[in-house]
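Report on the following structure.
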Amino acid sequence: MKQSLNLKHAQQLSLTPQLKQSLKLLQLSSLELEQEIQSAIDNNPLLERVETPTPELLPSTNDSLNLDDPNEPAETSDPSLEIPRDDTLNAGDDLSKAYDTPRLNERQTAVSLDQTHTDASNFLVTHNSLTDHLSWQIQMTKLSQRDKLIANTLLHSLDEEAYLRAELSEIAELLPLDLGIELDEIQVILSLIKTLDPIGVGAKDLQDRLSLLLDQIEPTTVGLELAKGIVNEHLALLANRDLARLKQTLSVKQEDLVISVRLITQLNPYIISQFASDTRNYITPDIVVNKRNDSWAAVLNSDNQFKLRVNEEYANLLKSKIDQPSSDYIQANLTQAKIYIKSLLSRYDTLLLVAQAIVEHQSAFFEYGELAMRPLILHDIAQQLEMHESTISRAISGKYLVASGRAYQLKYFFSSALASTDGSSSSSTAIRSLIKQMVDQESKTKPLSDSKIAKKLEEKGIVVARRTVAKYRESMLIAPSSQRRELS
């Protein structure tokens, strides 16, 4: 085989390390970003955090994030993520100046800092855990230390729904053998736990818990005995809402069955919902949306704006006489620090642009709610901002927006479009909200089937297939009509 050399022209997309860093910072959530920034500060002595705004942080209007170098290969169709190539230090450089973008300043300073500050505690609810609540009750009893040991072992054997699935013999194996604890002792303590607040802790299954809850009702209550019979022997029929068969099996009048079924359905077996887990989950929104001059505007949450600058003390060493290895080390870290600051500010700029575009597109939602949600896809925002769809995807990933006291993921505002009979389109989110509204207003004795809901939507000019209605209904955890039916 003869070897030869050939030249050919070709275009390819190339991402420089600087651009890769910008994209990486853009897609991080606020929590991940804080960890990433701390790691960068730990590894770069030329980079430091600014805890409070100072006059020295005024931006240099000569710096821009949109500088093109014709000698560099094509990197991205998103100019907002480009960063300067000139990262060397000159003798006359003012190291007190940070790097910013006029677009970010122009948009952000339109709202005062007080309006962009959001306390994370507004989105954090704390409660005692169920285990803490039960342990406190155990400590308040006059049980012996031996019995308290059994009780605590039982409490820590409960599953996430506060059921005790384990057998008593398995519990006994968890206790010290030298105490010689019998199964009868464990059963007695378990019976005590079942009487603690909330009632139903330690039940072996749903049937057992419902039975415990019914035992708390006044014995003379009408329909109580029938309710206990249904729970103990025919719970499956009730769960399937097969009330006709239940009535036939029990040979009871419809009005008597209605009373007993209502007694059961008014019980709340999900006792764990009253208590938080031992861990706290909270978010700090990235974007705050306020209404100003009859229009909705997005601003960055100041709590999530991490301000960085170059460490002057170290950088000024380059102006003094130091050895070459030290000079190279400082210069390399200075270059990285400057690039990192530019990349961080690029993130804020891009996130704000994307958020404002979303708010402008979904202004009707902020005014009227879910029913006014408009169809929106990544391409719409990308085309408006002249960015790539992947950039929009990175910008909204893991980011939150707060408006009117409620927090939403930015992804929430994107939904597909469904055709209408008048030629317009409707958001799938709005259609879900409309389906939920129909179900909430339906007759409890004659609930709407998926086909009837589809027909009602068609009457409103929205063409949706029955299977699509079923998919949306299931995504909202709404049971089918057969299970929503109630006796009159």
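These values consider heavy atoms only, across backbone and side chains, with no hydrogens, waters or symmetry-generated copies.
A distance of 6.0 Å separates CG of Leu267 from CG of Leu210, quoted to the nearest 0.5 Å. Distance CD1/Ile478 to CE/Met438: 11.5 Å, rounded to 0.5 Å. A distance of 10.5 Å separates CD1 of Ile381 from CE of Met387, quoted to the nearest 0.5 Å. Note that the CG atom of Leu155 and the CG atom of Leu134 stand 5.5 Å from one another [nearest 0.5 Å]. Put simply, CG on Leu46 and CD1 on Ile41 are 12.5 Å apart, with the number rounded to the nearest 0.5 Å. Rounding to the nearest 0.5 Å places OG1 of Thr391 at 10.5 Å from CD of Gln27.
For Asp323, there are no salt bridge (Lys or Arg N to Asp or Glu O under 4.0 Å) partners, not counting sequence neighbours.
When every heavy atom of Ile341 is checked against every heavy atom of Val310, the shortest pair comes out as CD1-N, 3.9 Å. Nearest heavy atom pair, residue Ser451 against residue Arg466, reads OG-CD, 3.2 Å. Residues Asp450 and Ala470 come closest through the heavy atom pair OD2-CB, 3.4 Å. Between Leu213 and Ile199, the shortest heavy-atom contact is CD2-O, 3.6 Å. The minimum heavy-atom distance between Ala297 and Arg292, with the atom names listed, is CB-NH1, 3.9 Å. Of all non-hydrogen atoms in Pro269 and Arg209, the two that sit nearest each other are O-NH1, 2.9 Å.
One N or O on the side chain of Ser475 and one on the backbone of Tyr472 form a donor-acceptor pair closer than 3.5 Å. With hydrogens and angles ignored, the 3.5 Å screen pairs no side-chain donor or acceptor of Asp286 with any backbone N or O of Asn304. The main-chain N or O of Asn152 is found under 3.5 Å from a side-chain atom of His156 such that the two form a donor-acceptor pair. Remark: side-chain polar atoms of Gln362 are paired, donor with acceptor, to backbone N or O of Arg374 under 3.5 angstrom. Thr335 places a side-chain N or O within donor-acceptor distance of the main-chain N or O of Gln331, the cut-off being under 3.5 Å. Of the possible donor and acceptor atoms, one in the side chain of Gln356 sits under 3.5 Å from a partner among the backbone N and O of Ala298. Under a 3.5 Å cut-off, the side chain of Arg347 and the backbone N or O of Leu33 do not form any donor-acceptor pair. Although no hydrogens or angles enter the test, the distance criterion places no donor-acceptor pair under 3.5 Å between the side chain of Lys399 and the main chain of Ser30. Judged by distance alone, with hydrogens and angles left aside, the side-chain atoms of Thr153 form a donor-acceptor pair with the main-chain N or O of Leu149 at under 3.5 Å. A donor-acceptor pair under 3.5 Å is formed between the side chain of Asn301 and the backbone N or O of Pro285.
Considering only heavy atoms from C-beta on, Leu196 comes within 4.5 Å of Ile138 through its side chain. Under the 4.5 Å side-chain criterion, counting only non-hydrogen atoms from C-beta, Phe414 is in contact with Ile396. Val439 places a side-chain heavy atom less than 4.5 Å from the side chain of Ile453. At a threshold of 4.5 Å between non-hydrogen side-chain atoms, the residues Leu164 and Ile171 count as touching. Under the 4.5 Å side-chain criterion, counting only non-hydrogen atoms from C-beta, Arg309 is not in contact with Lys307. Counting heavy atoms from C-beta on, the side chains of His133 and Asp197 come closer than 4.5 Å. Contact of the Leu130 side chain with the Pro198 side chain is registered, since non-hydrogen atoms from C-beta on lie closer than 4.5 Å. Contact check for Leu47 versus Tyr340: side-chain heavy atoms found under the 4.5 Å cut-off.
A salt bridge between Asp159 and Arg165 is present, with a side-chain N of the basic residue lying under 4.0 Å from a carboxylate O of the acidic one. Ion pairing between Lys24 and Glu36 holds under the 4.0 Å rule for side-chain N and carboxylate O.
Residue-environment remark: CD (Glu313) stays at or below the threshold of 12 foreign heavy atoms within 6.0 Å. Enclosure of atom OH in Tyr314 is not indicated, since only 12 or fewer non-hydrogen atoms of other residues, nucleotides or ligands lie within 6.0 angstrom. Atom NZ of Lys204 sits in a sparse spot, with 12 or fewer heavy atoms from other residues, nucleotides or ligands closer than 6.0 Å. Around NZ of Lys456, the count of heavy atoms belonging to other residues, nucleotides or ligands within 6.0 Å does not exceed 12.
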Test side-chain contact (heavy atoms from CB on, under 4.5 Å) on Ser39 and Gln35 and set out the steps. CA-CA 6 Å; Ser39 176; Gln35 295 170 344; over 6 Å; no

For Tyr400 and Tyr412, run side-chain contact (heavy atoms from CB on, under 4.5 Å): C-alpha distance rounded to whole Å, both residues' side-chain angles, the deciding distance at 0.1 Å, then the answer. CA-CA 9 Å; Tyr400 287 83; Tyr412 171 77; over 6 Å; no

Start with the C-alpha distance between Ile330 and Ile322, add both sets of side-chain angles, then the distance that settles side-chain contact (heavy atoms from CB on, under 4.5 Å), and finish with yes or no. CA-CA 10 Å; Ile330 294 175; Ile322 57 175; 4.0 Å; yes

Can you list the steps and then say if Phe413 with Met373 is a side-chain contact (heavy atoms from CB on, under 4.5 Å)? CA-CA 8 Å; Phe413 297 96; Met373 184 78 83; 4.2 Å; yes

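For the 3.5 Å distance criterion, the side chains of Asp380 and Gln384 fail to qualify, holding no donor opposite an acceptor. Side-chain atoms of Glu367 and Trp296 include a donor-acceptor pair closer than 3.5 Å.
With ring centers used as reference points, Phe366 lies 6.0 Å or more from Tyr408.
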